[in-house]
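Contents: one structure, followed by commentary.
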Protein chains: 2
Amino acid sequence: MRVLVVEDEQVLADAVATGLRRDSMAVDVVYDGDAALERIAVNDYDVVVLDRDLPLVHGDDVCRHIVHSGLATRVLMLTAAGDVADRVEGLTIGADDYLAKPFAFPELIARIRALGRRAVPALPPVLERAGIRVDPSRREVLRDGRQVPLSPKEFAVLEVLMRADGAAVSSEQLLEKAWDENADPFTNVVRVTVMTLRRKLGEPPVVLTVPGAGYRIP
Amino acid sequence: MRVLVVEDEQVLADAVATGLRRDSMAVDVVYDGDAALERIAVNDYDVVVLDRDLPLVHGDDVCRHIVHSGLATRVLMLTAAGDVADRVEGLTIGADDYLAKPFAFPELIARIRALGRRAVPALPPVLERAGIRVDPSRREVLRDGRQVPLSPKEFAVLEVLMRADGAAVSSEQLLEKAWDENADPFTNVVRVTVMTLRRKLGEPPVVLTVPGAGYRIP
DNA sequence: CCTCAACGACCAGCACCCGCACAGTGCGTT
DNA sequence: AACGCACTGTGCGGGTGCTGGTCGTTGAGG
């Protein structure tokens, strides 16, 4: 397991590093965001333990960079501020996990290991495609900058289609992913919902139909 | 996003479910481990929110089952006991995240979303051969870079021929692979479909006839 | 009590599927 | 060389399944 520790408090950083090394991880340490970005560009880390309050380049920016660059690296945010709003914001930015200082060392290790087990990294928290911006955490959709109000189901359908990354998604799959198990298999809600979704998203069309296969967003 | 909530305290379980539904997630609820295992076997959840202290089948066992079965489903452990040892143990068992009760609801949502943000596992392979590019997931066909619109049947036939990797495929085999089981064995749809396919794909010919054996793409 | 999302029922248009009929082609037999 | 047969290519027309779209009802939440 390859880990990068980014923490400006050198004493803490080194302590964490030695602790992780004792747990058989390969650990690099840097003390500011700039150095972090450098190392990330060069090396291929499994997990980055990232202090949020960094001098020069803020931890949030480092996190955004990692997530946005599509690397397989996972981010564990670390911060002094421990209230809920902070934690939620950290996760919203795109971190894979979040731990508040002071933390118990075994928990840090356990969370790093849990992240290391995940085969694939998180996608960017904001989905963008074909002039549509979807922010799941805010439950907000923008079409060419203008906000579009959607009902929960419409939003769920749009989210599934956006995550499909251009692939066609059948009505059955949409029903499977956006509805719970009580859904009637012979319903036509999906078609109706797709229609209202199309109407709200306006011109030019965003959701295309692929005859015989379902719907897709190019 | 498809979520299963497993929590024996029904009031809490339902509250969580409605909260998540308001956030556009498709939520199923069960109140014990047995039912959880059942649902997991049937449905394909993105995330399972799992109370650790369950009657009958313990949450840990459910978690182990999910991890062991190799599903892409992520587990978020939930528990009343909030000390570090518990959290570490939960993560060690194979949970992807861990949240101690009482928790703030926005944080639960943020963590579920973080878990659900995983990338689609495998990029579907694109079939390429003889100047033809077929992308099954997008239902898209390109001939020398130009897009060719195909009907579902035409697409199905082309896909079978492409996957045959140059080998000849008989009409009977095509009928078997691209049509459902109640197809008339004495039909000539295959011939007709191959014809329209050829016409749409244009010159030079892509689908060749192997007299007595069927069709093939060199 | 009011609003709106969710959803079933229904209709219309159209592309598509496919049966049918016939033409063209290649090969073996006489 | 002529013929017949088996196989293949192609035009045509009808039925129908798929999709877009509307409307009215229901039910939950404010």
Side-chain angles (χ1 to χ4, degrees), chain A residues 139 141 148-161 168-175 177-216, chain B residues 14-15 17-27 139 141 148-158 160-161 168-203 205-216:
Chain A
R139 244 194 62 83
V141 176
V148 181
L150 294 183
S151 80
K153 286 295 179 210
E154 288 155 8
F155 190 91
V157 168
L158 179 61
E159 195 182 341
V160 172
L161 287 173
V169 185
S170 71
S171 295
E172 292 76 18
Q173 287 172 317
L174 281 173
L175 199 65
K177 283 289 171 195
W179 273 261
D180 60 38
E181 62 185 355
N182 304 327
D184 174 14
F186 304 114
T187 184
N188 70 343
V189 246
V190 178
R191 277 170 43 206
V192 174
T193 306
V194 167
M195 208 213 87
T196 60
L197 186 58
R198 275 174 169 154
R199 188 177 353 212
K200 288 189 182 179
L201 291 177
E203 293 294 326
V206 175
V207 181
L208 307 182
T209 103
V210 186
Y215 304 94
R216 79 188 199 93
Chain B
D14 294 337
T18 51
L20 296 182
R21 288 200 187 102
R22 226 194 299 274
D23 217 71
S24 295
M25 302 187 192
V27 187
R139 288 264 166 157
V141 176
V148 182
L150 294 184
S151 81
K153 285 294 180 212
E154 289 155 9
F155 190 93
V157 168
L158 178 60
V160 173
L161 288 173
V169 184
S170 72
S171 294
E172 291 76 20
Q173 287 171 317
L174 279 173
L175 198 65
E176 186 177 327
K177 296 218 180 244
W179 274 262
D180 57 35
E181 71 281 355
N182 40 21
D184 175 14
F186 304 114
T187 183
N188 74 339
V189 248
V190 179
R191 277 165 48 204
V192 174
T193 307
V194 168
M195 197 206 91
T196 59
L197 185 57
R198 275 171 169 155
R199 192 186 327 215
K200 288 190 181 178
L201 290 178
E203 293 295 326
V206 175
V207 181
L208 306 182
T209 301
V210 185
Y215 304 95
R216 75 187 205 91

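Here is how names work: the chains are called A, B, and so on, in the same order as the sequence lines, proteins then strands, and each is numbered from 1.
- Between B/Thr187 and C/dG19, a side-chain N or O to OP1/OP2 separation shorter than 4.0 Å is present.
- Within 4.0 Å of A/Arg199, counting heavy atoms only, lie sugar-phosphate atoms of the nucleic acid but no base atom.
- With rounding to whole Å, A/Leu150 atom CG is found 15 Å from C/dC4 atom P.
- One atom, CG of A/Asn188, and another, P of D/dG20, lie 12 Å apart when rounded to the nearest Å.
- For the pair B/Phe186 CZ and C/dC20 P, the computed distance is 13 Å after rounding to whole Å.
- Nearer the 5' end of DNA chain D, as judged by each residue's closest nucleotide, is the contact made by A/Pro211, out of B/Thr18 and A/Pro211.
- Stretches of at least 3 consecutive Watson-Crick or G-U wobble pairs, with each checked distance under 3.5 Å, appear in DNA chain D as C:1-30 with D:1-30.
- Remark: the backbone N or O of A/Leu150 is paired with a side-chain donor or acceptor of A/Arg139 at under 3.5 angstrom.
- Here A/Tyr215 lies in heavy-atom contact (under 4.0 Å) with sugar-phosphate atoms only.
- Under 4.0 angstrom from either OP1 or OP2 of D/dG21 there lies no side-chain N or O belonging to A/Arg191.
- Rounded to the nearest 0.5 Å, atoms CG (B/Leu197) and CG (B/Leu201) are 4.5 Å apart.
- Between the side chain of A/Arg216 and the backbone N or O of A/Val210 there is no donor-acceptor pair closer than 3.5 Å.
- D/dT26 atom C1' lies 17 Å from atom CG of A/Asn182, rounded to whole Å.
- The phosphate of C/dA6 (OP1 or OP2) has a side-chain N or O of A/Ser151 nearer than 4.0 angstrom.
- Closest approach of B/Val160 to B/Lys177, counting heavy atoms only: CG2-CB, 3.9 Å.
- Rounded to a whole Å, the CZ atom of A/Arg198 is 10 Å from the P atom of D/dT19.
- Contact of the A/Tyr215 side chain with the A/Arg191 side chain is registered, since non-hydrogen atoms from C-beta on lie closer than 4.5 Å.
- The side chain of A/Thr209 places no N or O atom within less than 4.0 Å of a non-bridging phosphate oxygen (OP1 or OP2) of D/dC18.
- In plain terms, the two heavy atoms of B/Val27 and B/Arg21 that are nearest each other are O-NH2, 3.0 Å.
- Distance A/Leu175 CG to C/dG8 P: 10 Å, rounded to the nearest Å.
- Atom CE of B/Met195 is separated from atom C1' of C/dC22 by 14 Å (rounded to the nearest Å).
- OP1 or OP2 of C/dC18 has not a single side-chain nitrogen or oxygen of B/Thr193 nearer than 4.0 Å.
- The side chain of A/Trp179 places no N or O atom within less than 4.0 Å of a non-bridging phosphate oxygen (OP1 or OP2) of C/dA6.
- The distance from atom CZ of B/Arg21 to atom P of C/dC4 is 23 Å, rounded to the nearest whole Å.
- B/Val192 has its side chain out of reach of B/Lys153: every pair of non-hydrogen atoms, C-beta onward, lies at least 4.5 Å apart.
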